[in-house]
Amino acid sequence: DLTDLEPDTISAVLRTNYLSMGPYILEFEKAVKDFTGSRHAIAVNSGTAGLHLSVLAAGWKDGDRVITTPFSFVSSTNVLLYERITPVFVDVDPITGNIDPQQTAAAIHDLTNSAGSAKKKWLPEKGCAENGALKGVLAVDVFGQPADFNRINQAAKAYGLKTIEDSCEALGAEYINQPAGRLADFGVYAFYPNKQITTGEGGLVVTDSDQDAEMIRSLRNQGRAPGDTWLDHTYLGYNYRMDEMSAALGAAQMRRIDELIRKRAQTAAWYRSELAGIDGVECPATAATTTRDSWFVFVIRLKPGIDRSAVSGRMKALGVPVRPYFSPIHLQPYMRERFGYHPGQYPVTEDLGQRGLAIPFSGKMTLEQVQEVSAALRQSL
């Protein structure tokens, strides 16, 4: 969703001496910091990079175990695998698709206090380091709705565990009047073109810890610590920097953030109205703890027994693109091979994965377009 402001701002970058690590990075970081109320905001080149740096700053490492969700985009699990950490999956809430806080608390208790079968039931059948310690929880704000972090944090903090909030789909959402991304030790946003705001490619980490923020800034820039010269590297780091043109686009989009979220909310409201009378379709539900929606996608669920592939094929024939959303992480080929996962282990995740269907959605859609999609869905069913 671009206006003249965005290309004008990007063009201004080309009239400066900076294409990387310049003033627009600082402007963009400040805009997100002010919007979320965070103490620190560190821009990076993707949400995946932001999650990876948060894992490193949290001190999670080879052989550790971290609780996370199987119902997400794969990057929330991949960043653990990069560091040879065992992801411990917990099934999700059937209404929101977010990690189930009650099961999360039970997993934390069993993995820290129990032995034998009580502990084993949470772990994968193979590929899990012996005697690994549980170190934290990485929860995802699915489809723009915050996970139930009060309950997650209560269980995690009782055992000294750190938490990461993957808020890559939820910039602007609120959980009991608190900004999404600010509910854990680290919060991560992403700015791919289909997100609430875009930088083309890009991400950002927020934290209130001075020490963690300093480490993340160093690691994103090849491991240069404060005081290091150009060729000095205190840490093993990464080239996870965001470039100036991406930051300029983000800074321009942040000036419009409330407008962009409002327009997405309008599209969602139109869909709710148009789809309300269609038998066989479940619209997304909003949890009582979500005090502000920030719509990322609009994923309907087809009632059990409906052939999703057939419906998708008919809609595409009518010129309306749709796609399944999400495919369960534990059933991805590389996860099945590495950890021995198989169907039936996380029934809610698998049910949502089998019935979810993302339909066209953006803040630029008109009421007429929403009605066209809804009519195509009704006809296809």
Side-chain angles (χ1 to χ4, degrees), residues 1-3 35-36 71 92-98 140-148 167-181 189-198 253-303 306 308 311-312 315 318-326 352 355-381:
D1 188 337
L2 306 176
T3 64
F35 180 72
T36 61
F71 190 66
V92 299
D93 176 80
I95 304 300
T96 65
N98 287 325
V140 180
D141 299 335
V142 172
F143 301 154
Q145 185 161 198
D148 194 350
S167 202
C168 291
E169 300 176 355
L171 178 68
E174 292 183 357
Y175 168 84
I176 316 180
N177 300 312
Q178 303 171 77
Y189 305 112
F191 310 116
Y192 192 70
N194 62 346
K195 296 299 196 328
Q196 290 85 351
I197 71 164
T198 186
Q253 290 261 284
M254 282 303 297
R255 297 174 204 168
R256 303 176 53 217
I257 181 65
D258 289 321
E259 169 207 345
L260 295 172
I261 291 174
R262 184 173 62 250
K263 290 165 69 176
R264 284 173 170 259
Q266 178 62 81
T267 302
W270 285 335
Y271 265 131
R272 286 186 185 277
S273 177
E274 293 297 323
L275 299 177
I278 300 181
D279 186 44
V281 172
E282 300 172 9
C283 283
T286 299
T289 52
T290 301
T291 48
R292 187 191 193 192
D293 274 310
S294 183
W295 290 91
F296 164 53
V297 287
F298 199 91
V299 179
I300 61 172
R301 296 170 188 168
L302 302 182
K303 289 186 178 178
I306 294 177
R308 183 178 64 181
V311 172
S312 298
M315 292 192 72
L318 293 170
V320 178
V322 295
R323 66 180 60 177
Y325 225 100
F326 289 114
L352 299 183
R355 297 194 293 119
L357 191 67
I359 58 180
F361 180 81
S362 81
K364 296 178 68 176
M365 290 183 73
T366 64
L367 174 58
E368 290 72 25
Q369 289 174 319
V370 169
Q371 290 172 333
E372 179 182 350
V373 173
S374 302
L377 178 59
R378 184 180 290 105
Q379 180 178 338
S380 299
L381 285 164

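Heads up: numbering here begins at 1 and tracks the sequence.
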Other residues, nucleotides, ligands: >12 heavy atoms within 6.0 Å of Arg323 CZ: no
Can you tell me how far apart [atom1] ([X]) and [atom2] ([Y]) are? Round to the nearest 0.5 Å.
{"X": "Arg308", "Y": "Met315", "atom1": "CZ", "atom2": "CE", "value": "13.0 Å"}
{"X": "Cys168", "Y": "Phe296", "atom1": "SG", "atom2": "CZ", "value": "9.5 Å"}
{"X": "Thr3", "Y": "Glu259", "atom1": "OG1", "atom2": "CD", "value": "7.5 Å"}
{"X": "Ile261", "Y": "Gln196", "atom1": "CD1", "atom2": "CD", "value": "6.5 Å"}
{"X": "Leu260", "Y": "Met254", "atom1": "CG", "atom2": "CE", "value": "9.5 Å"}
{"X": "Lys195", "Y": "Ser294", "atom1": "NZ", "atom2": "OG", "value": "11.5 Å"}

Result of checking Leu302, Ile306, Ile359, Val311 against Val281 for side chain to side chain contact (heavy atoms under 4.5 Å, CB included): Leu302
Taking the side chain as every heavy atom from C-beta outward, state whether [X] and [Y] have any atom pair closer than 4.5 Å.
{"X": "Lys364", "Y": "Thr267", "answer": "no"}
{"X": "Asn98", "Y": "Phe71", "answer": "no"}
{"X": "Glu372", "Y": "Met365", "answer": "no"}
{"X": "Asp93", "Y": "Asp148", "answer": "no"}
{"X": "Leu275", "Y": "Phe298", "answer": "yes"}
{"X": "Leu171", "Y": "Phe35", "answer": "yes"}
{"X": "Tyr189", "Y": "Ile197", "answer": "no"}

Ring pair (Phe, Tyr, Trp, His ring centres under 6.0 Å) between Phe326 and Phe143, intermediate numbers included: CA-CA 10 Å; Phe326 289 114; Phe143 301 154; 5.2 Å; yes
Derivation of the side chain to side chain contact (heavy atoms under 4.5 Å, CB included) call for Lys263 and Arg256: CA-CA 11 Å; Lys263 290 165 69 176; Arg256 303 176 53 217; 4.1 Å; yes
Taking all non-hydrogen atoms of both residues into account, name the closest pair between [X] and [Y] and its distance.
{"X": "Ser374", "Y": "Ile278", "answer": "O-CD1, 3.8 Å"}
{"X": "Ile95", "Y": "Arg301", "answer": "O-NH2, 3.1 Å"}
{"X": "Val320", "Y": "Ala376", "answer": "CG2-CB, 3.7 Å"}
{"X": "Gln253", "Y": "Leu2", "answer": "NE2-CD2, 3.7 Å"}
{"X": "Gly97", "Y": "Leu352", "answer": "CA-CD1, 3.9 Å"}
{"X": "Pro146", "Y": "Asp141", "answer": "CA-OD1, 3.3 Å"}

Qualifying salt bridge (Lys or Arg N to Asp or Glu O under 4.0 Å) pairs with a residue from residues 276-286, counting only residues at least two apart or across chains: Asp279-Lys303, Glu282-Arg355
Test log, rule side chain to side chain contact (heavy atoms under 4.5 Å, CB included), inputs Val373 and Tyr271: CA-CA 9 Å; Val373 173; Tyr271 265 131; 3.5 Å; yes
Under 3.5 Å donor-acceptor, Thr290 side chain and Tyr175 backbone: no
Main-chain N/O of Gln369 paired to Thr366 side chain as donor or acceptor, under 3.5 Å: yes
Arg264 and Asp1 ion-paired at < 4.0 Å: no
Pair Gln145, Thr96: side-chain N/O donor-acceptor within cut-off below 3.5 Å: no
Mutual orientation of the aromatic rings belonging to Trp295 and Phe361 [parallel < 30°, tilted 30-60°, perpendicular > 60°]: tilted
